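Below is one structure, written out as structure tokens; comments come after it.
Everything quoted here is computed from the prediction, not taken from an experiment.
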Amino acid sequence: MKLNYKRTFLVGLAFFSICAFWQIYDTVIPLILRDTFQIKDGPSGIIMAIDNILALVMLPFFGALSDKVGRRIPFIVGGTAVAVVMCVLIPLADLSRSFWLFFIALGLVLISMGVYRSPAVALMPDVTPKPLRSKANAVINLMGAVGGAFALSMIKLLTKTAAGEKVNYLPVFISVISVMLISVIILVITINEKKLKAETNMINDKLDADANNDIHASTSATGKNKKLSPAVRRSLILILASVFLWYFGYNAITTAFSKYATQEWYMAVGDASMCLLVGTIGAIASYIPIGMISSKIGRKKMILIGVAILTACFITGALLSVAVNNTVGAESIRIEAEVVPELTAQGLNAEAIDAEVFTMLGKAITSRFMIPFCILFLLVGFAWAAINVNSFPMVVEISRSGDIGKYTGLYYTFSMAAQTITPIVSGYLLQHIGYGILFPYGAVFVGLSFITMFLTKHGDSRPDLLKDKLESFDVDMD
């Protein structure tokens with residue numbers, strides 16, 4: 001028995017649509033807050049954390065509720081429908097400079113996304129046997145990365161404006177909500193959730209009975225009377241602490257990167273999104289190989305490799321920023337001496353001269369550093385893929401078929417808690433200390449997660465179980 005890749009790709013359409021939205025949220029919303037509503041980094045960080053505050057309550061609740069209902073797809077359909085309508089209002093509010101319309105629309109779309117995120121993620125383990133979940137999660141993350149890449153591509157293609165001209169984000173949002181709708185429609189048509197879940201539960205119950213492991217001290221096949229042993233509970237806490245720490249570091253950088261790149265690296269919005277797109281491409285290219293490697297060497301080892309590389313990348317990012325600053329200094333002197341007098345002679349005012357100087361600095365930085373930036377983000381994409389492919393399966397490995405939604409909500413509680421706090425903390429640090437703190441900040445917290453993950457003893461994949469047990473089932477997973 002092998003993973004049904006076609007079906008897993010179809011299940012991944014829900015995550016595809018989610019990641020497409022969150023990519024434009026993380027990239028575009030900070031720019032709207034700064035450029036349209038002139039909100040500083042500290043308050044902006046608080047606003048960017050609202051989705052995570054909502055998620056702390058909504059994701060565990062709707063994950064557990066979908067367990068009780070026994071279905072995930074109805075939550076996906078309802079949440080997507082509301083999100084699509086509200087997404088149209090966000091760019092319209094930006095164009096009309098109506099903060100209250102923007103804030104209300106943003107709040108409603110975040111609530112609708114919170115309704116179906118846990119059910120959407122829990123759908124994969126619902127229809128995938130436990131030993132195959134790292135491979136399946138690689139496919140799901142691949143779909144999410146493709147969704148993010150699509151959104152970044154739309155930002156790159158549809159936000160081209162002249163210097164100083166306001167960006168119209170409506171075409172970007174329209175393109176993304178279109179693929180969200182199409183993805184969910186295909187999911188509903190092709191996935192028989194009830195049938196597939198029953199088949200998977202039968203396989204998992206047999207695996208749990210044969211494994212005779214210590215994950216559950218007292219539990220039935222349907223997940224009743226669940227009680228984790230002390231050793232497994234300790235590992236669960238360490239896994240969740242690791243999730244908290246690496247999201248605390250990584251999300252601070254992804255949330256602030258569009259502002260960081262446009263201010264510190266003098267990039268245009270399209271060039272900043274290109275760096276993120278390269279990272280996404282690196283992840284896309286890595287997900288399937290990482291899933292295969294993880295099934296051989298184990299989830300924990302693969303995560304530790306990813307954490308080490310991600311920490312090194314963030315340290316490198318800080319060093320590159322120093323080099324950029326040195327280049328900016330030298331270029332500024334040259335432009336001030338050679339170009340500014342010509343612009344002044346042409347009769348340009350101070351504001352126009354500043355805009356032209358900024359553009360010239362951006363071109364100089366991009367021409368010299370774009371290749372190192374792209375290599376850096378390519379490695380970031382690989383590292384984040386190595387972490388993401390394996391972290392969620394480590395948590396749900398501890399679950400039973402009756403409580404996958406609960407453990408999904410638990411995973412997201414810790415990841416969202418980190419993503420709630422870190423935009424606020426990093427936002428105020430950026431405002432009061434400076435943007436130079438961003439990459440060291442990310443490196444410290446991601447590095448700390450290496451320690452907690454190293455101490456984890458449970459939740460890993462078991463290649464021996466995969467080889468010895470799966471062949472005994474006559475259920476066709478292909």
Practice task
Flag the pair Met302 / Ile305 as yes when at least one side-chain heavy-atom distance between them is below 4.5 Å, and no otherwise.
Solution key: yes
Exercise for the section: For the pair Asp26 and Thr254, evaluate side-chain hydrogen bond (donor to acceptor under 3.5 Å, both in side chains) and give the outcome as yes or no after the intermediate values. Expected result: CA-CA 7 Å; Asp26 284 339; Thr254 57; 4.7 Å; no
Can you give each donor-acceptor pair under 3.5 Å made by side-chain atoms of residues 311-324, sequence neighbours left out, with the distance rounded to 0.1 Å?
{"from": "Thr311", "atom 1": "OG1", "to": "Val307", "atom 2": "O", "distance (Å)": "2.8"}
{"from": "Thr311", "atom 1": "OG1", "to": "Gly447", "atom 2": "N", "distance (Å)": "3.4"}
{"from": "Thr316", "atom 1": "OG1", "to": "Ala312", "atom 2": "O", "distance (Å)": "2.8"}
{"from": "Ser321", "atom 1": "OG", "to": "Tyr260", "atom 2": "OH", "distance (Å)": "2.3"}
{"from": "Ser321", "atom 1": "OG", "to": "Trp265", "atom 2": "NE1", "distance (Å)": "3.3"}
{"from": "Ser321", "atom 1": "OG", "to": "Gly317", "atom 2": "O", "distance (Å)": "3.0"}

Problem - Val109 and Tyr25, any side-chain heavy atoms less than 4.5 Å apart - result: no
Exercise for the section: Give the intermediate values and the outcome of side chain to side chain contact (heavy atoms under 4.5 Å, CB included) for residues Leu276 and Gln23. Expected result: CA-CA 10 Å; Leu276 297 176; Gln23 188 62 70; 4.1 Å; yes
Exercise for the section: Find out whether Arg299 and Pro393 are in side-chain contact, i.e. whether some heavy atom of one side chain is under 4.5 Å from a heavy atom of the other. Expected result: yes
Problem - Residue pairs passing the side-chain hydrogen bond (donor to acceptor under 3.5 Å, both in side chains) test where at least one lies in residues 86-109, sequence neighbours excluded - result: Thr36-Asp94, Asp94-Lys166
Practice task
Compare every heavy atom of Gly107 with every heavy atom of Leu54, then report the nearest pair and how far apart it is.
Solution key: CD1-O, 4.4 Å
Please tabulate, for side-chain N and O atoms in residues 242-253, each donor-acceptor pair with protein atoms closer than 3.5 Å (sequence neighbours left out).
{"from": "Ser242", "atom 1": "OG", "to": "Leu238", "atom 2": "O", "distance (Å)": "2.8"}
{"from": "Ser242", "atom 1": "OG", "to": "Thr452", "atom 2": "OG1", "distance (Å)": "2.7"}
{"from": "Ser242", "atom 1": "OG", "to": "Met453", "atom 2": "N", "distance (Å)": "3.1"}
{"from": "Asn251", "atom 1": "OD1", "to": "Thr255", "atom 2": "OG1", "distance (Å)": "3.2"}
{"from": "Asn251", "atom 1": "ND2", "to": "Gln419", "atom 2": "OE1", "distance (Å)": "3.2"}

Problem - Shortest non-hydrogen contact from Leu430 toward Ala256 - result: CD1-CB, 3.8 Å
Problem - Non-hydrogen atoms of Ala83 and Met180 that approach each other most closely - result: CB-CE, 4.3 Å
Exercise for the section: Kindly write out the residues that satisfy ring-ring contact (aromatic ring centres under 6.0 Å, His included) with Tyr411, not counting sequence neighbours, or none if the list is empty. Expected result: Phe392
Donor-acceptor contacts, no H, no angles, side chain residues 439-446, under 3.5 Å, sequence neighbours left out:
{"from": "Tyr441", "atom 1": "OH", "to": "Thr422", "atom 2": "OG1", "distance (Å)": "2.8"}

Handout entry: Glu264: partners by salt bridge (charged side-chain N to carboxylate O under 4.0 Å, His left out), with sequence neighbours left out
Key = none
Problem - Which residues share a side chain to side chain donor-acceptor pair (under 3.5 Å) with Trp384, sequence neighbours left out - result: none
Could you pull out all donor-acceptor pairs under 3.5 Å where a side-chain atom in residues 137-150 meets a protein atom, sequence neighbours excluded?
{"from": "Asn137", "atom 1": "ND2", "to": "Asn388", "atom 2": "O", "distance (Å)": "2.9"}
{"from": "Asn137", "atom 1": "ND2", "to": "Val389", "atom 2": "O", "distance (Å)": "2.9"}
{"from": "Asn141", "atom 1": "ND2", "to": "Asn137", "atom 2": "O", "distance (Å)": "2.7"}

Problem - Closest contact, heavy atoms only, Ala55 versus Pro60 - result: O-CD, 3.4 Å
Handout entry: NZ on Lys156 to CG on Leu277, rounded to 0.5 Å
Key = 9.0 Å
Practice task
Answer whether the closest heavy-atom distance between the side chains of Ile281 and Phe377 falls below 4.5 Å.
Solution key: no
Problem - Atom pair CD1/CG of Ile24 and Leu152 - distance to nearest 0.5 Å - result: 10.0 Å
Completion exercise
Residues at least two apart in sequence or cross-chain that pass side chain to side chain donor-acceptor pair (under 3.5 Å) with Ser44, listed by chain then number, are none
Exercise for the section: Identify the two heavy atoms, one from Arg72 and one from Gly63, that lie closest to each other, and give their separation to 0.1 Å. Expected result: NH1-O, 3.7 Å
Practice task
Please check if the side chain of Ser175 supplies one atom and the backbone of Val172 the other of a donor-acceptor pair under 3.5 Å.
Solution key: yes
Handout entry: Spacing of Phe9 atom CZ and Lys6 atom NZ [to the nearest 0.5 Å]
Key = 12.5 Å
Exercise for the section: Would you sort out whether Val278 and Cys275 count as a side chain to side chain contact (heavy atoms under 4.5 Å, CB included), showing the intermediate values? Expected result: CA-CA 5 Å; Val278 169; Cys275 289; 5.9 Å; no
Handout entry: Heavy-atom closest contact (Leu187 atom, Ala14 atom, distance)
Key = CD2-CB, 3.9 Å
Handout entry: Arg133 side chain to Thr128 backbone, donor-acceptor under 3.5 Å
Key = yes
Practice task
Check whether any side-chain heavy atom of Phe62 lies under 4.5 Å from a side-chain heavy atom of Arg117, and answer yes or no.
Solution key: no
Exercise for the section: Under the ring-ring contact (aromatic ring centres under 6.0 Å, His included) rule, collect the residues that match up with Phe37, sequence neighbours excluded. Expected result: Phe99, Phe102
Exercise for the section: Test side chain to side chain contact (heavy atoms under 4.5 Å, CB included) on Val85 and Leu108 and set out the steps. Expected result: CA-CA 10 Å; Val85 175; Leu108 290 175; over 6 Å; no
Exercise for the section: Please lay out, stage by stage, how Thr200 and Asp126 fare under the test side chain to side chain contact (heavy atoms under 4.5 Å, CB included). Expected result: CA-CA 7 Å; Thr200 303; Asp126 273 347; over 6 Å; no
Handout entry: Side chain to side chain, Phe15 and Leu123, heavy atoms closer than 4.5 Å
Key = no
Handout entry: Contacts of type side chain to side chain donor-acceptor pair (under 3.5 Å), residue Ser183, not counting sequence neighbours
Key = none
Handout entry: Student check: side-chain heavy atoms of Gln431 and Pro43 closer than 4.5 Å
Key = yes
Handout entry: Sequence-distant partners of Thr413, side chain to side chain donor-acceptor pair (under 3.5 Å), two or more places apart
Key = none
Problem - Distance in Å, Leu10 CG paired with Thr190 OG1, rounded so as to fall on 0.5 Å steps - result: 4.0 Å
Problem - Separation between CG of Leu410 and OG of Ser415, rounded to the nearest 0.5 Å - result: 10.0 Å
Problem - Within-4.5 Å side-chain heavy-atom neighbours: Phe373 and Met274 - result: no
Exercise for the section: Give, for atom CG of Leu106 and atom CD1 of Ile29, the distance between the pair rounded to the nearest 0.5 Å. Expected result: 5.5 Å
